[in-house]
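The structure appears right after this line, and notes come after that.
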Amino acid sequence: MNTTTETTDTQAAAAAPNRPPQLRAARVRRQGVIKFVILFVTLAFLFVPLVSMLVFTLRHPLSGRWSLAPWIAIFTGNGESLGADLTVLWQGLGASLALCAVTVVLMLLLMVPTMVIVHIRSKALERAIEWVATLPLTIPAIVLVVGLGPIYRWLSSAVFDTNPIWLCFAYVVLVMPFAFRAIAVGLNSIDVKTLVEASRSLGASWPKVFFRVIIPNLWQSILSASFISIAVVLGEYTVASLLGRMNLQVALYQLGQSNSQISTAMSLLALLFGVVLLVALDLISEHIGRSRTGETKEGK
């Protein structure tokens, strides 16, 4: 029975390549149509809202008049002709950019050394840190604010002030899951233990091992973690709003109360900046890969 079945399967497999060219061409056309439909629906889902936002910034919702005034107001910094005070926008943008820089630095100082040491020393502890680092994904932002509110109230009155820059501590918690995953991918792609043991056997100190051996092999993961963290910080609204701090998203909300077209145009620019970050990450990763390939060929 098994011999008969195997013979039938073999004959069917041998007959498959011998199908008429018309059937193969029809199958290829069906596959092409299906791929086109899936791609079209996906692109429509992604780009129709963006195109609608762009049209909204160019066409006045009441008069129907087309104008570049909202974009001109953003790039000239003068929105008085449209009844909008752009001071709050620049304050929020400056605060968010400063938060991006500080959050990325704190995240890297916290995550990279910890993950490298734990990856070398203890796999069990690495799993525990992974659980802690990914925990913010399961906790809604409103719940985090409930816990962070009393802490920030005490910090603002007794230690620091109400400057938005101190939101960096909360943002480090928010970006930890994404940063952990990006750095973990880099650590798992290289043999860290072998690199460390080889470097130490040649007399390298721990700082040299970390900065001259491990970090150069983690550049791509570090850049990924940094860019993802910047995107998260630029798009964060809930924590800043409920804690009464100013950032870009809060500024866009306030600006939308006086001129929604300028607010929408600035939102599009923020989305475009996020896309530029992702493209830059891809180009940098490709450049690093080519550099490593070239170095390997030269070494051979």
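Note that the numbering runs from 1 along the sequence shown for the chain. Predicted, not measured: the structure shown is a model, and the values here were computed from it.
In terms of modelled atom types and a separation under 3.5 Å, the side chain of Asn259 and the main chain of Leu255 share no donor-acceptor contact. With Thr134 contributing its side chain and Pro177 its backbone, the two residues share no donor-acceptor pair below 3.5 Å. Under the 3.5 Å distance criterion, the side-chain polar atoms of Ser157 are matched with a main-chain donor or acceptor of Trp154. Put simply, the side chain of Gln254 never gets that close to the backbone of Val88: no donor and acceptor are under 3.5 Å apart. In this structure, the side chain of Thr264 engages the main chain of Ser260 through a donor-acceptor pair within 3.5 Å. Not a single donor-acceptor pair under 3.5 Å links the side chain of Ser241 to the backbone N or O of Tyr237. A donor-acceptor pair under 3.5 Å is formed between the side chain of Glu236 and the backbone N or O of Ala240. In this structure, the side chain of Thr114 does not engage the main chain of Met111 through any donor-acceptor pair within 3.5 Å.
You'll find the side chain of Ile214 stays beyond 4.5 Å of the side chain of Leu195, heavy atoms only. Between Gln249 and Thr238 the shortest side-chain heavy-atom distance does not fall below 4.5 Å. Put simply, the side chain of Val116 reaches to within 4.5 Å of the side chain of Leu218, judged on heavy atoms. Side-chain contact between Phe47 and Thr42 is absent, with no heavy-atom pair separated by less than 4.5 Å. For the pair Leu248/Leu89, a side-chain contact is recorded, criterion being any heavy-atom separation below 4.5 Å from C-beta on. Counting only heavy atoms from C-beta outward, the side chains of Arg245 and Ser156 approach each other to under 4.5 Å. Between Val175 and Ile228 the shortest side-chain heavy-atom distance does not fall below 4.5 Å. Residues Leu137 and Phe178 are in side-chain contact: their nearest non-hydrogen atoms beyond the backbone lie under 4.5 Å apart.
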Using the rule given for side chain to side chain contact (heavy atoms under 4.5 Å, CB included), can you reason through Val209 versus Ser205, listing the C-alpha separation, both sets of side-chain angles and the distance that settles it, and then say yes or no? CA-CA 6 Å; Val209 172; Ser205 61; over 6 Å; no
Could you give me the CA-CA distance, side-chain angles and deciding distance for Glu126 and Arg121, then say whether salt bridge (Lys or Arg N to Asp or Glu O under 4.0 Å) is met? CA-CA 9 Å; Glu126 186 178 21; Arg121 297 295 185 184; over 6 Å; no
Using the rule given for side chain to side chain contact (heavy atoms under 4.5 Å, CB included), can you reason through His60 versus Trp66, listing the C-alpha separation, both sets of side-chain angles and the distance that settles it, and then say yes or no? CA-CA 6 Å; His60 196 277; Trp66 294 82; over 6 Å; no
Checking Ser267 against Met53 for the side chain to side chain contact (heavy atoms under 4.5 Å, CB included) test, could you report, in this order, the C-alpha distance in whole Å, the side-chain angles of both residues, the deciding distance, and whether it holds? CA-CA 9 Å; Ser267 299; Met53 292 174 66; 4.1 Å; yes
Walk me through it: do Leu234 and Leu99 pass the test side chain to side chain contact (heavy atoms under 4.5 Å, CB included)? CA-CA 9 Å; Leu234 287 178; Leu99 280 168; over 6 Å; no
Show me, pair by pair, the donor-acceptor contacts under 3.5 angstrom made by side chains of residues 138-152, not counting sequence neighbours?
{"unit_1": "Thr138", "atom_1": "OG1", "unit_2": "Leu135", "atom_2": "O", "d": "2.7"}
{"unit_1": "Tyr152", "atom_1": "OH", "unit_2": "Trp166", "atom_2": "O", "d": "2.6"}
{"unit_1": "Tyr152", "atom_1": "OH", "unit_2": "Ala170", "atom_2": "N", "d": "3.2"}

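Taking CH2 of Trp71 as the start and OG1 of Thr76 as the end, the distance is 13.0 Å to the nearest 0.5 Å. Rounding to the nearest 0.5 angstrom, the gap separating the CG atom in Leu174 from the CZ atom in Phe169 is 14.0 Å. Here the straight-line distance linking atom CZ of Phe210 with atom CD1 of Ile117 works out to 7.5 Å at 0.5 Å rounding. In this structure, OH in Tyr171 is found 13.5 Å from CG in Leu106, a value given to the nearest 0.5 Å. Separating the CD atom in Gln91 from the CG atom in Leu86 is a distance of 11.5 Å, to the nearest 0.5 Å. Separation of atoms CG (Leu252) and OG (Ser96) is listed at 8.5 Å; rounding is to 0.5 Å.
Just one of Thr103, Val105, Val104 meets the side-chain contact (heavy atoms from CB on, under 4.5 Å) condition when paired with Cys168; it is Thr103.
When all heavy atoms are compared, the tightest approach of Ala179 to Ser229 is CB-OG, 4.5 Å. In terms of heavy-atom proximity, Leu187 sits nearest to His119 at O-NE2, 3.8 Å. Shortest non-hydrogen contact noted between Ala95 and Pro164 is CB-CB, 4.2 Å.
Through ILVMFWY side-chain contacts below 4.5 Å, Val185 is grouped with nothing and stands alone.
Applying the 6.0 Å contact sphere to OH of Tyr253 captures no more than 12 heavy atoms from other residues, nucleotides or ligands. Surrounding CH2 of Trp131 are at most 12 heavy atoms belonging to other residues, nucleotides or ligands under 6.0 Å away. Other residues, nucleotides and ligands contribute at most 12 non-hydrogen atoms within 6.0 Å of the CZ atom of Arg212.
Phe45 is connected to Leu39 through a chain of hydrophobic side-chain contacts under 4.5 Å among Ile, Leu, Val, Met, Phe, Trp and Tyr, so both are in one cluster. Cluster annotation: Ile222 is connected to Val102 through the hydrophobic network of ILVMFWY side chains, with a link wherever side-chain heavy atoms come within less than 4.5 Å. Under the 4.5 Å side-chain heavy-atom criterion for grouping Ile, Leu, Val, Met, Phe, Trp and Tyr, Val213 is not connected to Leu202 through any hydrophobic cluster. In terms of hydrophobic clustering, with Ile, Leu, Val, Met, Phe, Trp and Tyr side chains grouped at heavy-atom distances under 4.5 Å, Met246 and Ile165 are assigned to different clusters. No path of Ile, Leu, Val, Met, Phe, Trp and Tyr side chains, each step under 4.5 Å between heavy atoms, connects Val48 with Leu272, placing them in separate hydrophobic clusters.
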